[in-house]
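Beneath this line is the structure, given in structure tokens, with notes to follow.
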Amino acid sequence: MNEPVRRTGSGLEFYEVDGKHKALVDLETHVVTSKKQRDAYRRKKELEELGIQGRTRSFVLCFHDPIRALMGRLTLDEMGALIKLLPYLKYGEAGDLVHQGKRMDKAAIGKAIGKKQRQTAAILSKLTKEGALIAKKEGRKSVYAVAKEIHTMGEAGGNMFTKLFQTYAKKQLEKLTTQQAGVLYALLPFFHYRDYILAVNPNETDDDLIEPMNIEEVGKMLGISKASAYRHIGALTREGIMLETRAYGVSTFYVNPDFMFRATRGNEFT
DNA sequence: ATAGCCATGCATGATAATCA
DNA sequence: TGATTATCATGCATGGCTAT
């Protein structure tokens, strides 16, 4: 399994052999994972989830259905701004956004999402209008909270969700433009619950029936050009947030489980 | 605190070029 | 040949400034 049988002139390409098939794999940009490795990885993640092993990391629950609904109503910039704010969500009923001990106002949010006042105001106005954020007057300025129907650090209440790890996400999201972050946000409900594959049917229980989503489909779903889809997915892959594997001419994308994580226990799915 | 003005820079979509 | 990337014109965002 996975024996490199030929090294090509470009240095990093191998033939992977699995019985009767062969595939070209560029080991500089792709990984080769055996089923054994994959299963071991799953077990490790399950243990981590049960708290048996690994550090506890704070995470935000991201509910799939509301996010899918927002996808058609928000621009990439707006969705990117929203996901960039999630690391600042503070534990508690209200969904308050807090930075350095203070609830975040327009200026603090502008800094967090990397926009200047005019765009920040426009984005906040739209996110508030669409019900993703809730503005509250505090003195003469507004402070913001995230709608608990979309994101919470509390109970899931039987809805389907993906966890977003705050510390790692913050570090990674800072490297992304709001557009790139927006693509990630829109794709969040489309990573398979067990294999982390970007899929059209991310809740499919039979491995053989999982349909990977390709870049063109991502572009269509988001209403952006193929060229832009390639640029955005490429950026996410280069940052290590997504991983690309290629076999038999078909690319499959995975999300880095350090970034987001879907529970595997039955009671957390519908 | 917010918004208009305007030159400049950057992201975008269409499409051509290149890659494997 | 289909997938991916480069090119380029266009339009939106920004910075610096001023005005409410």
Side-chain angles (χ1 to χ4, degrees), chain A residues 4-17 21-32 71 74-85 97 99 102-129 133 135-144 173-187 197-198 200 211-239 242-254:
Chain A
V5 297
R6 187 168 74 90
R7 188 189 293 267
T8 67
S10 59
L12 284 161
E13 292 178 349
F14 290 76
Y15 274 118
E16 179 196 0
V17 178
H21 299 294
K22 289 180 177 180
L24 266 177
V25 179
D26 183 342
L27 295 180
E28 191 171 22
T29 53
H30 302 82
V31 295
V32 177
M71 185 170 61
L74 299 178
T75 65
L76 288 184
D77 266 318
E78 290 153 2
M79 288 189 285
L82 184 53
I83 194 172
K84 279 177 176 234
L85 291 176
L97 291 167
H99 182 51
K102 285 187 288 193
R103 291 195 60 182
M104 294 169 83
D105 59 9
K106 278 197 178 71
I109 286 174
K111 216 167 186 178
I113 66 177
K115 296 282 181 196
K116 296 303 169 187
Q117 56 177 244
R118 196 183 323 169
Q119 292 311 314
T120 303
I123 287 170
L124 285 175
S125 148
K126 181 75 174 298
L127 288 174
T128 306
K129 185 176 151 222
L133 295 181
K136 188 191 166 196
K137 280 284 174 194
E138 192 171 82
R140 60 169 48 186
K141 57 190 179 186
S142 293
V143 291
Y144 292 83
L173 288 168
E174 279 168 358
K175 299 179 193 167
L176 302 178
T177 66
T178 45
Q179 291 89 348
Q180 292 160 358
V183 170
L184 190 60
Y185 188 78
L187 295 182
I197 294 174
L198 180 66
V200 176
E211 291 179 48
M213 193 186 295
N214 63 37
I215 293 182
E216 242 177 294
E217 287 170 318
V218 169
K220 258 184 201 149
M221 187 172 79
L222 298 178
I224 59 177
S225 68
K226 193 161 70 173
S228 283
Y230 271 101
R231 281 192 283 250
H232 288 140
I233 298 292
L236 293 172
T237 306
R238 278 191 298 280
E239 292 300 341
M242 298 206 319
L243 186 73
E244 181 180 9
T245 68
R246 197 174 313 194
Y248 320 127
V250 179
S251 280
T252 307
F253 294 92
Y254 297 76

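As the structure is a computational prediction, the values presented were derived from the model and not from experiment. Order of the sequence lines sets the chain letters (A, B, ...), proteins ahead of strands, with each chain counted from 1. Heavy atoms only: backbone and side chains are in, while hydrogens, waters and symmetry mates are out.
Distance Gln117(A) CD to dT18(C) P: 15 Å, rounded to the nearest Å. Whole-Å rounding puts the Glu216(A) CD to dA3(C) P distance at 6 Å. Between the P atom of dG9(B) and the NZ atom of Lys116(A) lies a distance of 17 Å, rounded to the nearest Å. The distance from atom CZ of Arg231(A) to atom P of dT5(C) is 11 Å, rounded to the nearest whole Å. Residue Asp77(A) contributes atom CG, which lies 13 Å from atom P of dC12(C) at whole-angstrom precision. In this structure, the CD atom of Gln119(A) is 19 Å from the P atom of dA1(B), given to the nearest Å. We find that NZ of Lys226(A) is positioned 14 Å from C1' of dT18(B), with the value rounded to whole Å. Whole-Å rounding puts the Tyr230(A) OH to dT15(B) C1' distance at 15 Å.
Val218(A) is listed as a side-chain neighbour of Leu198(A), based on a closest heavy-atom distance under 4.5 Å.
If you find the closest nucleotide of DNA chain B to Leu76(A) and to Ala121(A), the one lying nearer the 5' end belongs to Ala121(A). In terms of position along DNA chain B, the nucleotide closest to Lys137(A) lies nearer the 5' end than the nucleotide closest to the other residue of the pair Lys137(A) and Arg118(A).
Taking 4.0 angstrom as the limit, Arg246(A) places a side-chain polar atom (N or O) nearer than this to OP1 or OP2 of dT4(C). Of the side-chain N and O atoms in Ser251(A), one or more sit less than 4.0 angstrom from OP1 or OP2 of dT4(C).
A donor-acceptor pair under 3.5 Å links the side-chain atoms of Lys84(A) to the main chain of Leu173(A), judged by distance alone.
The only option from Leu184(A), Asp77(A), Thr75(A) that meets the side-chain contact (heavy atoms from CB on, under 4.5 Å) definition with Gln179(A) turns out to be Asp77(A). Screening Ile83(A), Leu176(A), Thr177(A), Leu76(A) against Val183(A) for a side-chain contact (heavy atoms from CB on, under 4.5 Å) leaves a single residue, Leu76(A).
Among the protein residues, Lys141(A) comes within range of no part of the nucleic acid, since none of its heavy atoms lies under 4.0 Å from any strand. Heavy atoms of Ile215(A) sit nowhere under 4.0 angstrom from any nucleic acid atom.
When distances run from any side-chain atom of His232(A) to the nucleotides dT4(C), dT12(B), dG13(B), the shortest one goes to dT12(B). Nearest to the side-chain atoms of Glu244(A) among the listed nucleotides dT15(B), dT4(C), dA11(B) stands dT4(C).
For Lys220(A), the NZ atom is loosely surrounded, since the number of other residues' heavy atoms within 6.0 Å does not exceed 12.
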